[in-house]
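All remarks here apply to the structure that follows.
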Number of protein chains: 2
Amino acid sequence: MKGLEARFGELLKELRNKKGLTQEELATDCGLDRTYISMLERGLRQPTLTTLFKIAEVLNVSPSSIVKQLE
Amino acid sequence: MKGLEARFGELLKELRNKKGLTQEELATDCGLDRTYISMLERGLRQPTLTTLFKIAEVLNVSPSSIVKQLE
DNA sequence: GTGTGACTTTAAGTCCGTA
DNA sequence: ATACGGACTTAAAGTCACA
């Protein structure tokens, strides 16, 4: 079983690509840093609840649907 | 609109009480500190993804169902 | 059984850059 | 456009004593 952070990272990358956004665009729209998005996608960081909600909003998905895919 | 942390805290308290657990029991079962649970319930901390998953497991609810109630 | 303040350590998150 | 690194600031993790 891969770690939670790694699975979140993969999912984030997938959702971001599906939306046709670059890491930089996603970061800007979320009010986050470009390098932080990179770290999230590589499984080097894990988001807080607030960050999860911010990202989900920009990606036009519900936060719970993201979490559900990690269960 | 109340902050996300505050709403998570209220929900956590509600779910914990529904399960008939004290903060102390929940904390022990999660491998967390009692005072940390207290801070979460008061909205003074916000959980990371990992902490959310730990707590949800002990409360016998899915992490996504918790998140869904915060949307 | 819980709230709270003070605290130390770890991780979240930013900002600079290179390749 | 992204990976990756160092140095940094802010907040979360995690603990303790006391009310």
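Letters go in sequence order (proteins before strands), and every chain restarts at 1.
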Inset, instruction - Answer with base, sugar-phosphate or nothing: what part of the nucleic acid does A:E41 contact at a heavy-atom distance below 4.0 Å? - result: nothing
Inset, instruction - Just jot down the side-chain hydrogen bond (donor to acceptor under 3.5 Å, both in side chains) partners of A:E10, sequence neighbours excluded, or say none. - result: A:K2
Legend entry - Pairing residues for B:E41 by the salt bridge (charged side-chain N to carboxylate O under 4.0 Å, His left out) criterion, not counting sequence neighbours: B:R16
Could you list the donor-acceptor pairs under 3.5 angstrom formed by side chains in residues 48-57 of chain A, with sequence neighbours left out?
from, atom 1, to, atom 2, distance (Å)
A:T48, OG1, A:T51, N, 3.4
A:T48, OG1, A:T51, OG1, 3.1
A:T50, OG1, B:Q46, OE1, 2.7
A:T50, OG1, B:Q46, NE2, 3.2

Tabulate atom names and distances for all N/O pairs under 3.5 angstrom spanning the protein and nucleotides 4-7 of chain D.
from, atom 1, to, atom 2, distance (Å)
D:dC4, OP2, A:R42, NH1, 3.1

Legend entry - Selection: residues 55-66 of chain B, any non-hydrogen atom under 4.0 Å of DNA chain C: none
Using distance only, find each side-chain donor-acceptor pair of residues 31-39 of chain B under 3.5 Å and give its atom names and separation, not counting sequence neighbours.
from, atom 1, to, atom 2, distance (Å)
B:D33, OD2, B:T35, N, 3.0
B:D33, OD2, B:T35, OG1, 2.7
B:S38, OG, B:R42, NE, 3.2
B:S38, OG, B:R42, NH2, 3.2

Legend entry - Sugar-phosphate, base or nothing in reach of B:G31, heavy atoms under 4.0 Å: nothing
Legend entry - Net bend of the helix from C:dT2-D:dA19 to C:dA19-D:dT2, end axes of five pairs each, nearest 10 degrees: 40°
Legend entry - side-chain hydrogen bond (donor to acceptor under 3.5 Å, both in side chains) against A:T28, all qualifying residues, sequence neighbours excluded: none
Legend entry - Touch class at under 4.0 angstrom, heavy-atom based, for A:L32 against every strand present: sugar-phosphate
Inset, instruction - Using a cut-off of strictly less than 4.0 Å between a heavy atom of the residue and any atom of DNA chain C, enumerate the qualifying residues of residues 22-29 of chain A by number. - result: none
Legend entry - Results of side-chain contact (heavy atoms from CB on, under 4.5 Å) for A:Q69 - residues two or more places apart only: A:L11
Inset, instruction - For DNA chain C, note the earliest and the latest nucleotide, 5' to 3', having some atom under 4.0 Å of a heavy atom belonging to chain A. - result: C:dA12 to C:dG17
Legend entry - Set of residues satisfying side-chain hydrogen bond (donor to acceptor under 3.5 Å, both in side chains) with respect to A:R45, sequence neighbours excluded: none
